[in-house]
Amino acid sequence: MVDHGALTRGDPHRALTATPAGGGTVYHGWTLRIDQYAAFADALAACDVTLHTSRDQYRRAHELPG
């Protein structure tokens, strides 16, 4: 579980309070700006969690002309 409000307010570490450490995950939620997704990925990496979709893949899928 991720606190989307905290994530979009620029507090990705607070957004992860209910996220267990270790393993991999997929973000399934509202579209984020690439800087928000990158901060999210960094916060997850600090918890030893890897996003299945990299920030570059996310950018290509959500920003034009990708």
Side-chain angles (χ1 to χ4, degrees):
M1 298 293 293
V2 173
D3 180 343
H4 186 265
L7 188 58
T8 57
R9 284 190 306 272
D11 195 356
H13 294 283
R14 184 177 189 149
L16 303 178
T17 58
T19 304
T25 192
V26 174
Y27 176 70
H28 184 79
W30 295 102
T31 301
L32 300 170
R33 295 187 324 254
I34 188 60
D35 62 310
Q36 293 169 330
Y37 190 84
F40 179 50
D42 291 342
L44 285 170
C47 297
D48 196 30
V49 176
T50 304
L51 275 167
H52 178 70
T53 304
S54 73
R55 65 188 80 205
D56 291 333
Q57 291 169 325
Y58 187 85
R59 181 185 352 246
R60 280 195 306 272
H62 290 87
E63 293 182 354
L64 292 175

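Quick caveat: nothing in here was measured; it's all calculated off a predicted structure.
Side-chain contact check for Y58 versus L51: every heavy-atom pair is 4.5 Å or farther apart. Side-chain atoms of T8 and L32, non-hydrogen and from C-beta on, do get closer than 4.5 Å to each other.
Here H13 pairs with nothing under the ring-ring contact (aromatic ring centres under 6.0 Å, His included) rule; sequence neighbours left out.
Here the options are Q57, H62, E63, the test is side-chain contact (heavy atoms from CB on, under 4.5 Å), and the partner is R59; only E63 passes.
Residue pairs meeting the salt bridge (Lys or Arg N to Asp or Glu O under 4.0 Å) criterion with at least one member in residues 2-31: none, sequence neighbours excluded. Here side-chain hydrogen bond (donor to acceptor under 3.5 Å, both in side chains) pairs that include residues 21-34, with residues two or more places apart or in two chains, are R33-D35.
Residue P12 comes nearest to A43 through the heavy atom pair CB-CB, 3.8 Å, listed as atom of the first residue, atom of the second, then distance. Nearest heavy-atom pair, L16 versus C47, reported as atom, atom and distance to 0.1 Å: CD1-SG, 4.5 Å.
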